[in-house]
Amino acid sequence: MSEVRLRFAPSPTGYLHVGGARTALFNWLLARKEGGKFILRIEDTDVARSTQESLEAILEGMTWLGLDWDEGPFYQSDNFPLYREYVEKMLAAGTAYKCYCSPEVLEKKRELAISEGRKPKYDGTCRNLIEEVPGAPFVVRFRAPLEGETAFDDLIKGRISFQNEELDDLIIQRTDGTPTYNFTVVIDDATMGITTVIRGDDHVNNTPRQILLYEALGYPVPKFAHVPMILGADKARLSKRHGATSVMAYRDMGFLPEAMVNYLVRLGWSYGDEEIFALEDLIQKFSIESVGRSAGVFNPDKLLWLNAHYIKTGDPQRLAELLVPFLQERGVDSSVGPDLVEVVRTLQERSRTMLEMADGAIFYYTSDLEYDEKSLAKFFTPEARDLCTELVARLKAMDDLSHDSIAALFDRLCAEKAVKMKAVAQPARYALTGGSASPGIYELIGVLGRDETIHRIQRALDTK
RNA sequence: GGUCCCAUCGUCUAGCGGUUAGGACACCGGCCUUUCACGUCGGUAACAGGGGUUCAAGUCCCCUUGGGAUCACCA
């Protein structure tokens with residue numbers, strides 16, 4: 001069995017956040033690169049905190065990013081009989097034992113140990129009980145080795161080792177009979193044949209316990225790769241107070257999935273001096289070994305820059321489709337008025353997000369713009385009025401609205417009136433858009449069409 | 001506090017014993033220009049500190065300092 005098998009195993013207790021998305025991405029990339037399998041497993045053993053909404057949000061996030069899975073989603077909640085079976089096996093083999101210590105007693109001992117400056121680890125009270133206590137509530141603990149060393153070669157961080165005496169006999173089954181995390185991951189990763197575990201580095205401390213479990217169970221130990229955390233600008237772990245952490249929130253703010261993927265992969269990974277990577281590129285170029293070992297700060301500015309890049313170079317047709325919902329939110333109906341694809345073309349290089357693009361597109365679909373007195377006075381000087389009147393007259397006599405002929409019209413007008421381009425372009429822009437910043441004047445006229453252009457300029461001229 | 005991890009411009013990073021320490025975002029200028037942008041050219045800016053090893057250290061080793069993670073019948 002040489003096929004690599006990777007997995008992403010979120011617990012459905014919240015949306016898909018950028019950190020989770022990145023580890024999912026790394027897993028997906030390695031699976032695709034190696035021609036292996038990418039498996040999705042839902043860690044919902046904490047029934048109380050798991051929700052259907054979270055599950056759907058996670059799947060939606062992954063789908064949006066383009067991270068498709070080959071197997072699953074599998075649910076740990078479906079595996080309770082399996083876990084139970086393994087607990088029984090370990091009990092029978094003596095690699096696990098029943099512990100009757102109550103949580104209260106344990107807590108007291110823990111406090112005492114801390115106050116005396118000792119390690120708060122399980123003292124092994126029940127480790128060598130000869131007889132069972134019938135009817136008494138119990139948890140099942142793993143009988144971990146007392147001495148020796150457990151080490152592994154992390155694909156990202158290198159060799160990491162722990163003294164076994166630092167580890168204690170972790171609980172694998174609770175009083176209520178449900179299994180615990182460190183146990184279920186091992187059972188699942190082992191039975192699913194996971195060959196490489198890529199996860200957040202908040203799990204490194206769990207790794208030696210899990211390795212011991214693999215060994216006790218007689219399963220091969222997978223490779224591990226612990227990816228560093230994502231931090232906020234203040235170097236603290238990224239959280240809501242740093243702004244949006246949900247990947248879907250970024251979609252709603254007008255980000256493109258390819259920008260998100262590109263940003264996420266470059267946070268902690270690099271390929272020479274390259275910055276722009278399509279998903280297809282990444283499959284070829286990605287390698288887990290070149291992921292950095294230190295935590296990285298999430299930089300919204302760079303994400304924005306990448307998003308602008310993908311908007312600029314994106315297919316106008318696709319962008320137009322993505323733009324529609326943003327327009328609708330603003331009460332704009334793009335089915336009447338200028339062709340949305342043409343509108344998009346004029347906005348691509350001046351929008352960093354789809355949201356900005358939507359804002360920039362509103363005027364195209366507002367035939368009767370508001371012209372306020374102040375701006376009118378500023379742009380529509382007597383000279384400007386003359387020029388605009390002349391512009392309207394010439395436009396009326398024109399059929400060809402190509403960029404070149406509009407440019408020629410303006411050139412002639414400026415030459416004959418001996419004025420600068422600015423003298424006519426600015427008032428016309430104001431009349432056409434209701435503002436002073438917009439796409440080029442020729443593009444504007446081309447997209448709006450002759451009649452609408454004349455309508456708007458005339459209307460501005462008539463307003464007073 | 002114990003254990004574990006981390007450390008190059010403000011940020012993401014390249015560097016894998018010999019470099020004017022490179023690129024990108026952001027920032028600051030110039031150019032382009034009908035506005036806003038795009039683009040383009042240029043600039044400011046970093047090896048946390050201290051010891052070693054070596055002819056030579058950002059690169060290897062140790063210590064210090066500073067960050068972070070984790071120490072549950074949560075995952």
Side-chain angles (χ1 to χ4, degrees), chain A residues 9-13 43-46 48-50 76 99 101-103 106-107 110 113-114 117-121 137-141 154 156-158 160-163 165-168 170-182 184-185 200-208 226 228-229 231 233 235-237 263 266-276 290 292-306 308-309 312 346-352 356 360 407 410 414 420-430 433 435-442 444:
Chain A
S11 59
T13 52
E43 313 226 313
D44 56 351
T45 51
D46 186 345
R49 291 202 306 148
S50 299
Q76 288 194 318
C99 169
C101 299
S102 72
L106 255 20
E107 185 54 35
R110 215 189 328 270
I114 291 172
R118 286 182 292 115
K119 293 166 196 163
K121 67 178 261 191
F138 64 89
V139 299
V140 179
R141 284 182 186 274
D154 192 276
I156 292 171
K157 293 176 184 286
I160 299 176
S161 66
F162 295 80
Q163 292 304 313
E165 59 182 349
E166 298 293 337
L167 282 17
D168 60 359
L170 78 152
I171 293 171
I172 60 177
Q173 187 179 87
R174 302 182 186 99
T175 309
D176 66 3
T178 58
T180 59
Y181 169 74
N182 280 111
T184 58
V185 234
D201 74 359
D202 48 333
H203 284 292
V204 300
N205 289 295
N206 285 327
T207 306
H226 288 97
M229 316 245 77
L231 275 23
K235 305 281 182 106
R237 188 177 187 153
Y263 179 71
R266 266 294 280 109
L267 178 53
W269 173 84
S270 63
Y271 190 79
D273 284 342
E274 290 183 41
E275 294 289 345
I276 306 296
S290 46
R293 290 136 307 178
S294 52
V297 174
F298 187 85
N299 182 349
D301 277 333
K302 188 146 187 183
L303 207 209
L304 204 50
W305 174 76
L306 279 164
H309 168 81
K312 208 179 310 161
T346 70
L347 262 15
Q348 276 179 282
E349 63 185 22
R350 29 177 69 77
S351 311
R352 293 179 301 176
E356 283 184 7
F410 272 81
C414 290
K420 294 237 165 108
M421 180 67 190
K422 188 182 291 190
V424 43
Q426 280 306 79
R429 182 189 319 284
Y430 178 67
T433 69
S436 59
S438 81
I441 194 80
Y442 310 149
L444 245 26

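These figures come from a predicted structure and were not determined experimentally. Numbered from 1 within each chain, the chains take letters A, B, ... in sequence-line order.
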*Between U35(B), C5(B), C12(B), which one does the side chain of Leu267(A) approach most closely?*
C12(B)
*asked:* Suppose you measure atom P in U59(B) against the same atom in C9(B); what distance do you get, rounded to whole Å?
replied: 14 Å
*Measure from CD on Glu274(A) to C1' on G23(B) and round the result to the nearest Å.*
11 Å
*What about Ser438(A), does its side chain sit under 3.5 Å from the base of C36(B) through a donor-acceptor pair?*
no
*If you check every side-chain atom of Lys312(A), which of G23(B), C73(B), C38(B) has the closest atom?*
C38(B)
_Touch class at under 4.0 angstrom, heavy-atom based, for Ser11(A) against every strand present_ = sugar-phosphate
*Check whether the side chain of Arg350(A) and the base of C38(B) form a donor-acceptor pair under 3.5 Å.*
no
*Please give, in whole Å, the distance from A75(B) C1' to Asn182(A) CG?*
9 Å
_Looking only at the side chain of Arg237(A) (C-beta and beyond, no hydrogens), which of the listed nucleotides U70(B), C73(B), U34(B) gets closest?_
U70(B)
*Where is the tightest heavy-atom contact between Pro208(A) and Leu167(A), given as atom of each residue plus distance?*
CB-CD2, 3.9 Å
*Tell me what Pro439(A) touches on the nucleic acid: a base, only sugar-phosphate, or nothing, going by heavy atoms under 4.0 Å.*
base
*Which of these nucleotides, G22(B), U13(B), U34(B), is closest to any side-chain atom of Arg266(A)?*
U13(B)
*Under 4.0 Å between any heavy atoms, over every strand shown, what does Cys99(A) touch: base, sugar-phosphate, or nothing? Just pick one.*
nothing
_Testing the basics here: between Arg293(A) and Ile156(A), what is the closest heavy-atom pair and its distance to 0.1 Å?_
CG-O, 3.2 Å
*Which listed nucleotide (C73(B), C38(B), U11(B)) is nearest to the side chain of Val297(A)?*
U11(B)
*Are Lys235(A) and U11(B) close enough that a side-chain N or O sits under 4.0 Å from OP1 or OP2?*
yes
*Distance test, side-chain N/O of Arg293(A) to OP1/OP2 of A7(B), below 4.0 Å*: yes
*Determine the contact category for Tyr442(A): base if any of its heavy atoms lies under 4.0 Å from a base atom, sugar-phosphate if only primed atoms, P, OP1 or OP2 are that close, otherwise nothing.*
base
*If you check the Ile441(A) side chain, which of U34(B), C73(B), C12(B) turns out closest?*
U34(B)
*How many Å lie between CH2 on Trp305(A) and P on G23(B), as a whole number?*
14 Å
_Is it true that Arg429(A) and Ser438(A) share a donor-acceptor pair across their side chains at a distance under 3.5 Å?_
yes
*asked:* Please classify the nucleic acid contact of Asn206(A) as base, sugar-phosphate, or nothing, using heavy-atom distances under 4.0 Å.
replied: base
*U13(B) versus C6(B) - spacing of their P atoms, nearest Å*: 14 Å
*Is Gly292(A) touching bases, backbone alone, or none of the nucleic acid, heavy atoms closer than 4.0 Å?*
nothing
*Ile276(A) has an atom CD1; how far is it from atom P of C25(B), in whole Å?*
9 Å
_Whole angstroms only, please: what is the CG-P distance between Leu303(A) and A26(B)?_
12 Å
*Could you tell me whether Thr178(A) contacts a base, only the sugar-phosphate backbone, or nothing, with contacts defined as non-hydrogen atoms closer than 4.0 Å?*
nothing
*asked:* If I take atom NZ in residue Lys121(A) and atom P in nucleotide C4(B), what distance separates them, rounded to the nearest angstrom?
replied: 14 Å
*If you look at every strand shown and take non-hydrogen atoms under 4.0 Å, does His226(A) touch a base, only sugar-phosphate, or nothing?*
nothing
*When the C1' atoms of G42(B) and C32(B) are considered, how many whole Å apart are they?*
15 Å
*asked:* Restricting to non-hydrogen atoms, name the atom on Lys312(A) and the atom on Gln348(A) that form the minimum distance, rounded to 0.1 Å.
replied: O-NE2, 3.6 Å
*Nearest to the side chain of Val204(A), which nucleotide is it out of C4(B), C6(B), U70(B)?*
C4(B)
*Write down the distance separating the C1' atoms in G17(B) and C38(B), rounded off to the nearest Å.*
44 Å
_Rounding to an integer number of angstrom, what distance separates A7(B) and A14(B) when you compare their P atoms?_
10 Å
*asked:* Please classify the nucleic acid contact of Ser351(A) as base, sugar-phosphate, or nothing, using heavy-atom distances under 4.0 Å.
replied: nothing
*Taking atom C1' in both U8(B) and A69(B), what distance in whole Å separates the two?*
23 Å
*asked:* Ignoring hydrogens, what is the shortest heavy-atom contact between Thr184(A) and Thr45(A)? Give both atom names and the distance.
replied: CG2-CG2, 4.1 Å
_Listed nucleotide nearest any side-chain atom of Glu166(A), set G2(B), A7(B), A75(B)_ = G2(B)
_Atom pair distance, as rounded to whole Å: CG in Leu170(A) and P in U3(B)_ = 20 Å
_Which residue lies more 5' along RNA chain B, comparing Ala295(A) with Glu349(A) via nearest heavy atoms_ = Ala295(A)
*Taking the same atom, P, in G10(B) and in U44(B), what whole-Å distance lies between them?*
14 Å
*Please report the closest heavy-atom contact between Val185(A) and Tyr181(A), naming both atoms and the distance.*
CG2-O, 2.7 Å
_Which nucleotide wins on minimum distance to the side chain of Glu43(A), given the candidates A75(B), A26(B), C6(B)?_
A75(B)
*Determine the contact category for Gly296(A): base if any of its heavy atoms lies under 4.0 Å from a base atom, sugar-phosphate if only primed atoms, P, OP1 or OP2 are that close, otherwise nothing.*
sugar-phosphate
*At under 4.0 Å, does any side-chain N or O of Ser270(A) touch on OP1 or OP2 of A14(B)?*
yes
*Expressed in whole Å, how much space separates the C1' atoms belonging to C16(B) and C47(B)?*
15 Å
*Would you check if there is a donor-acceptor pair between the side chains of Asn182(A) and Thr180(A) at a distance under 3.5 Å?*
no
*Looking at U3(B), A24(B), U34(B), which one has an atom nearest to any side-chain atom of Glu275(A)?*
A24(B)
*Map Gly272(A) and Ser294(A) onto RNA chain B by nearest heavy atom, then report which one ends up closer to the 5' terminus.*
Ser294(A)
*Rounded off to whole Å, could you give me the CZ-to-C1' distance for the Arg352(A) and C38(B) pair?*
13 Å
_Lys/Arg N to Asp/Glu carboxylate O, Lys302(A) vs Glu275(A), below 4.0 Å_ = yes
*Closest non-hydrogen atom pair, Val424(A) against Cys414(A)*: CG1-SG, 3.6 Å
*Complementary nucleotide for G1(B) - Watson-Crick or wobble, under 3.5 Å*: C71(B)
